[in-house]
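Just below is one structure, and these are the notes that go with it.
Values reported hereafter were calculated over all heavy atoms of this structure, with side chains retained and with hydrogens, waters and symmetry mates removed. Sequence lines set the chain letters: A, B, ... in the order given, protein chains first and strands last, and positions in each chain run from 1. Quantities reported herein were computed from a predicted structural model and do not represent experimental measurements.
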Amino acid sequence: GDSVTQMEGPVTLSEEAFLTINCTYTATGYPSLFWYVQYPGEGLQLLLKATKADDKGSNKGFEATYRKETTSFHLEKGSVQVSDSAVYFCALRDRSNFNKFYFGSGTKLNVKP
Amino acid sequence: NAGVTQTPKFQVLKTGQSMTLQCAQDMNHEYMSWYRQDPGMGLRLIHYSVGAGITDQGEVPNGYNVSRSTTEDFPLRLLSAAPSQTSVYFCASSYPRAAYNEQFFGPGTRLTVL
């Protein structure tokens, strides 16, 4: 079946450090991939997405590239800010079954000034 | 657009009580779903619906009931609350028939069962 695996957190970085959060997936079909962000006390918000191989999603300085050969969708940001402190979820939606979204367990990011 | 709205934001129940968590969306999305979020567990799908009158079970449906009489509303009913149902509940909606469509989430309902 489909699944998403994320690196475990928490991840603690200093402001302006480089961020990578690893995400790999297993899918029976050809999925679309998503990164969501959840700020404290709030619901999930879409951060970026990619719908086919080699697509790069980007938003607010975050980027992720859809790598079909390695079944990965790692999230990166060149210089994190304190305001990026949140929980990040990787997710997929499979073309073979539109009715299910699969989420990773989430990675908490703490950015220190 | 208000997006996805949920009420109440917070609720405390005693074991055995019943209640309904409300969810509404104004984006004309056919697909709606309910998740629960527990510490260290990520999101787990409770029930989902692909349109009015059509619902199906997710990963953790026991103890919960849903119905979908309109496109806009998708309430979640707790039949007899148990402490194990203490969690944060999120409702989400999406266009259904394309994998590239993301889900839009509500702000959540934080439920405590004593």
Side chain from CB out, backbone as N, CA, C, O: work out which of these in B:Tyr95 comes under 4.5 Å of a heavy atom of chain A, or both, or neither. backbone
Chain A contact via B:Glu59 - side chain, backbone, both or neither, heavy atoms under 4.5 Å: neither
What's the spacing between B:Gln103 CD and A:Phe34 CZ if we round to 0.5 Å? 8.5 Å
Return the CG to CZ distance between B:Leu43 and A:Phe101, rounded to the nearest 0.5 Å. 12.0 Å
If hydrophobic clusters are built by linking Ile, Leu, Val, Met, Phe, Trp and Tyr wherever their side-chain heavy atoms come under 4.5 Å apart, do B:Tyr31 and B:Phe90 end up in the same one? yes
Of the backbone (N, CA, C, O) and the side chain (C-beta and beyond), which part of A:Gln38 lies under 4.5 Å from a heavy atom of chain B, both, or neither? side chain
Nearest-0.5 Å distance, CD of residue B:Glu102 to CG of residue A:Leu44: 12.5 Å
Under 4.5 Å to a heavy atom of chain B? For A:Tyr36 that would be side chain
Quick one: are the ring centres of B:Tyr35 and A:Phe103 less than 6.0 Å apart? yes
Could you tell me which portion of B:Ser33 (side chain, backbone, both or neither) has an atom closer than 4.5 angstrom to a non-hydrogen atom of chain A? neither
Rounded to the nearest 0.5 Å, what separates atom OG in A:Ser105 from atom CD in B:Gln37? 11.0 Å
Taking a hydrophobic cluster as the set of Ile, Leu, Val, Met, Phe, Trp and Tyr residues connected by side-chain heavy atoms closer than 4.5 Å, whether directly or through intermediates, do A:Leu48 and A:Tyr25 fall within one such cluster? yes
